[in-house]
Amino acid sequence: MSSASRLSELASIISENTKKLEEYLASINHPLPSLDPGAPLALMLPEEITVYQETALDAATELRALLLGPIGILQYQAEHNLLIGLQAINKFKLYDFPPGEERTFAQLADQSGVDEDFVRRMIRQAKTSYIFKEPKPGVVAHSAASSAIGMVPLLSQWLGMVSEELYPAASRSIDAQIKWPGSQEPNQTGFNIAHNTDEPTYKAISADPRRAQQFADAMTLFQHSPGMEPSYFVNNYDWSGVSKVVDIGGSHGIVMQELASKVPTIECVVQDVAKVVEEGKTQVPKEISDRVVFMEHDFFTPQPVKGADVYFLRWIFHNWSDKYCIDILRNLVPALQKGARIIVNEFCVPPPGVLTPFQEKPLRSFDLVMLELFNAKERGGEEWAALFHAADEHFVFKGVQFPKGSKLAIIEACWEGEDSS
Ligand SMILES: C[S@@+](CC[C@H](N)C(=O)[O-])C[C@H]1O[C@@H](n2cnc3c(N)ncnc32)[C@H](O)[C@@H]1O
């Protein structure tokens with residue numbers, strides 16, 4: 001198909017799908033998307049309607065690429081300056097005035113203690129991405145996005161984490177690759193060069209309470225985004241025949257709390273580092289506290305809970321290179337009895353060509369973040385199978401389930417060796 005007809009086809013796809021989306025929003029009296037303050041922060045749509053939103057976005061992404069052409073694609077995608085602008089806006093709290101009010105550049109400079117010309121240039125650059133408005137020359141007002149930063153404190157923390165931790169780490173990841181080619185070590189990354197440290201990322205960040213809180217808050221925001229709810233896992237797995245589950249690196253135990261509430265016969269053990277375990281113990285509702293118990297355990301040492309039916313790991317392996325993941329899996333072996341299941345709840349990257357570029361981009365970005373911070377990765381189905389096989393040939397890979405609407409897949413293997421316990 002020639003580009004000319006593809007352009008028109010994409011324009012029609014956008015038109016048809018936005019019309020269906022608008023009809024749905026009107027039918028439930030939902031406000032229409034807007035770039036003004038007060039607009040819905042995100043469209044929370046049922047799955048059958050999300051399809052219209054995603055189809056329009058896919059088409060708009062391709063249409064933009066066609067209209068830009070090859071040189072435009074290369075030049076316009078390199079938007080590193082947006083991150084500098086966001087860092088400045090967030091760090092100097094340039095968003096800190098009420099929606100509906102206006103500020104001059106001089107007033108914003110005054111309230112933030114930064115140079116007026118600097119403020120003007122940062123805000124005018126951000127404006128090109130619909131962050132802030134300038135209703136009259138020299139006068140700043142909020143857009144929907146700039147006002148959201150002040151309304152959602154976790155969003156400000158997320159911007160801080162991206163601009164202060166991830167962005168510098170990304171910018172030094174090529175240097176890290178030259179210095180330590182193909183390294184699987186968590187302290188030989190772009191993060192290490194950018195932040196001039198020999199410590200692994202989590203350790204370096206946790207040494208500074210402000211950065212640790214910022215990172216934790218950013219993770220909380222992400223964990224609460226649609227598609228991350230533990231219910232996708234708990235409600236889409238067949239729990240018959242399961243009486244004991246160990247959640248390894250289970251943090252404060254939100255998944256096990258949901259599971260224990262749903263299946264009253266299941267006993268859960270949540271393992272994590274000492275500080276997290278102490279916090280987690282205080283957060284379990286009384287009704288299930290006898291079935292959700294906490295235990296300090298380092299997953300790089302042999303698993304102490306022997307003979308459980310399921311060993312569960314959510315969002316653990318993507319923080320580690322293959323070498324360390326294999327170590328984590330081998331440390332389970334001394335506890336496993338024949339038929340024990342290892343269930344991983346993480347991203348599973350589909351093979352190339354399955355997702356549209358718009359859908360695939362966040363997964364690819366996550367994969368690079370894992371490289372930049374940990375020398376780790378996001379894995380596809382074949383990589384998950386290979387990982388289990390490399391750890392021990394008695395792990396038999398059972399496959400991957402993609403619960404509808406969930407961002408995380410359910411990846412399962414079974415121990416077919418003799419009872420180790
Ligand atoms: C990305 S979080 C995932 C938490 C939880 N599974 C979830 O999905 O919400 C990684 C967790 O692993 C824990 N962790 C890190 N290193 C560990 C280790 N060596 N042994 C046990 N837990 C560890 C962290 O404290 C953190 O709670």
Side-chain angles (χ1 to χ4, degrees), residues 154 158 161 165-166 185-187 191 199-207 211-234 236-237 245-260 268-284 292-305 310-321 323-332 335 342-348 366-367 369-370 372-379 403 406-411:
L154 291 181
W158 185 84
M161 191 273 290
E165 309 289 1
L166 303 193
E185 296 307 321
N187 64 345
F191 179 92
E199 300 282 13
T201 295
Y202 277 131
K203 201 165 174 198
I205 291 178
S206 62
R211 286 170 71 191
Q213 191 59 51
Q214 180 171 270
F215 200 90
D217 287 348
M219 289 302 100
T220 302
L221 182 72
F222 184 72
Q223 297 250 11
H224 286 86
S225 61
M228 289 296 292
E229 295 87 346
S231 53
Y232 283 110
F233 165 61
V234 169
N236 284 290
Y237 192 78
V245 180
V246 182
D247 184 354
I248 300 159
S251 189
H252 295 153
I254 54 163
V255 182
M256 292 303 104
Q257 286 184 35
E258 180 125 359
L259 176 58
C268 306
V269 181
V270 181
Q271 299 177 331
D272 211 293
V273 298
K275 179 174 172 286
V276 177
V277 161
E278 285 317 306
E279 293 163 0
K281 278 179 185 168
T282 64
Q283 299 179 18
V284 185
V292 179
V293 297
F294 282 79
M295 172 191 264
E296 180 185 348
H297 170 59
D298 174 358
F299 49 53
F300 290 114
T301 62
Q303 174 56 242
V305 180
V310 170
Y311 293 85
F312 173 68
L313 302 103
R314 187 175 92 138
W315 252 34
I316 301 297
F317 289 118
H318 79 155
N319 284 164
W320 297 96
S321 62
K323 168 180 155 179
Y324 288 95
C325 292
I326 288 170
D327 198 14
I328 295 171
L329 285 172
R330 286 187 180 154
N331 271 301
L332 293 179
I342 316 330
I343 303 180
V344 176
N345 195 204
E346 288 210 9
F347 290 137
C348 182
F366 262 105
D367 182 45
V369 169
M370 294 306 122
E372 293 151 6
L373 299 187
F374 311 113
N375 269 331
K377 54 163 65 165
E378 301 297 348
R379 296 175 172 86
S406 174
K407 282 191 179 137
L408 305 181
I410 302 174
I411 300 145

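We number each residue from 1, following the sequence as shown. These figures come from a predicted structure and were not determined experimentally. One-based numbering, in listed order, for ligands and for the atoms of each.
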**Asked** Rounded to the nearest 0.5 Å, how far does CG of N345 lie from CH2 of W315?
**Response**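 If we round to the nearest 0.5 Å, W315:CH2 and N345:CG are 10.5 Å apart.
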**Prompt:** Roughly how far apart are E185 CD and S321 OG, rounded to 0.5 Å?
**Reply:**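 If we round to the nearest 0.5 Å, E185:CD and S321:OG are 6.5 Å apart.
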**Prompt:** Between Q271 and Q303, do the side chains contain an N or O donor and an N or O acceptor separated by less than 3.5 Å?
**Reply:**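 Yes, because at least one side-chain N or O of Q271 sits under 3.5 Å from a partner of the opposite role on Q303.
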**Prompt:** Within the distance-only criterion (no hydrogens, no angle test), does the side chain of D327 pair as donor or acceptor with the backbone N or O of F300 below 3.5 angstrom?
**Reply:**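 No: the side chain of D327 does not pair with the backbone of F300.
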**Prompt:** So which heavy atom on I342 is nearest to which on L332, and how close?
**Reply:**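 Answer, listing the atom of I342 first, then L332: CG2-CD1, 4.1 Å.
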**Item:** Minimum-distance pair of heavy atoms, taken over all atoms of M370 and N319
**Value:**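 Residues M370 and N319, closest heavy atoms: SD-ND2, 3.6 Å.
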At less than 3.5 Å, what protein N or O atoms come close to the N or O atoms of ligand 1? Include the distances to 0.1 Å.
from	atom 1	to	atom 2	distance (Å)
ligand 1	6 (N)	G249	O	2.8
ligand 1	6 (N)	R314	O	2.7
ligand 1	8 (O)	R314	O	3.3
ligand 1	8 (O)	R314	NE	2.7
ligand 1	8 (O)	R314	NH2	3.4
ligand 1	9 (O)	Q223	NE2	3.4
ligand 1	9 (O)	R314	NH2	3.4
ligand 1	19 (N)	D298	OD1	2.9
ligand 1	20 (N)	H297	O	3.4
ligand 1	20 (N)	F299	N	3.0
ligand 1	25 (O)	D272	OD1	2.6
ligand 1	27 (O)	D272	OD2	2.7

